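Just so we're clear, the structure is a prediction, and the values are computed from it rather than from any experiment.
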Amino acid sequence: MAAVLGLFGGFAIWLFDKDRPKGAFISFCILVFSSALLFSYIYAAERRNLPESYVFWRDRCLSAYSSAEIIGNEEAYLVFDAFLGRICQTIFNTEEIIVIENATVSQ
């Protein structure tokens, strides 16, 4: 993305120096395109964040609930369950719904 914006910026400066009326119009068009590119990059990053966050927390929940150290120690388990129990419950419920939907679609 930085390379595209740098290329367009250099092109706009060159064109503005070469022919002022066309350069001003092209510079404006490049500004609009660059803004659209920047906002689409931010939007795509936000959309990508949710699945990555889901995978991260799913991994943490699975490792914690399968850890003998946490399950064997009642105090550690209660602390873990108090702080991350709802997150893990939401993730496991969501995963169960996805598995059920995939099973009904494949039948």
Side-chain angles (χ1 to χ4, degrees):
M1 185 169 115
V4 171
L5 295 177
L7 179 68
F8 279 149
F11 179 69
I13 290 170
W14 174 78
L15 193 59
F16 191 75
D17 185 47
K18 195 94 165 141
D19 187 10
R20 292 222 181 235
K22 288 182 183 175
F25 177 71
I26 296 297
S27 296
F28 177 73
C29 290
I30 289 175
L31 176 70
V32 170
F33 178 76
S34 299
S35 299
L37 187 64
L38 178 66
F39 289 125
S40 65
Y41 178 78
I42 292 170
Y43 174 72
E46 288 177 1
R47 285 191 60 188
R48 185 177 57 243
N49 187 30
L50 185 62
E52 289 177 359
S53 175
Y54 175 81
V55 169
F56 173 80
W57 284 110
R58 181 182 180 275
D59 180 50
R60 295 298 181 260
C61 291
L62 285 176
S63 65
Y65 279 117
S66 60
S67 170
E69 294 176 358
I70 293 178
I71 293 177
N73 185 347
E74 186 176 346
E75 291 177 12
Y77 178 78
L78 291 176
V79 168
F80 171 78
D81 195 48
F83 286 110
L84 296 175
R86 285 189 188 231
I87 292 174
C88 293
Q89 180 184 7
T90 303
I91 287 173
F92 293 145
N93 287 342
T94 303
E95 191 169 80
E96 183 180 355
I97 290 169
I98 291 171
V99 169
I100 290 171
E101 286 176 356
N102 288 340
T104 57
V105 169
S106 65
Q107 289 178 356

Could you tell me the separation between the [atom1] atom of [X] and the [atom2] atom of [Y], rounded to the nearest 0.5 Å?
{"X": "Asp81", "Y": "Ile71", "atom1": "CG", "atom2": "CD1", "answer": "11.0 Å"}
{"X": "Ser67", "Y": "Asn73", "atom1": "OG", "atom2": "CG", "answer": "10.0 Å"}
{"X": "Ile87", "Y": "Ile91", "atom1": "CD1", "atom2": "CD1", "answer": "7.0 Å"}

(request) Taking side chain to side chain contact (heavy atoms under 4.5 Å, CB included) as the test, write out the residues that go with Leu78, two or more places apart. (result)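 Result, side chain to side chain contact (heavy atoms under 4.5 Å, CB included) vs Leu78: Glu74.
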(message) Please enumerate all residues that pass side chain to side chain contact (heavy atoms under 4.5 Å, CB included) together with Asp59, with sequence neighbours excluded.
(response)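 If we apply the side chain to side chain contact (heavy atoms under 4.5 Å, CB included) test to Asp59, skipping adjacent residues, there are no hits.
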(message) Is there a continuous path of hydrophobic side-chain contacts, each under 4.5 Å between heavy atoms, that joins Val79 to Trp57?
(response)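 Per the 4.5 Å side-chain linkage, Val79 and Trp57 are co-clustered.
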(message) Quick check on the hydrophobic clustering: are Leu62 and Phe56 connected, directly or via other members, by side-chain heavy-atom contacts under 4.5 Å?
(response)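 Same cluster: Leu62 reaches Phe56 through Ile, Leu, Val, Met, Phe, Trp or Tyr contacts under 4.5 Å.
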(request) Sort and list the pairs that fulfil ring pair (Phe, Tyr, Trp, His ring centres under 6.0 Å) and have at least one residue in residues 59-87, not counting sequence neighbours. (result)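 Non-adjacent pairs meeting ring pair (Phe, Tyr, Trp, His ring centres under 6.0 Å): Tyr65-Phe80.
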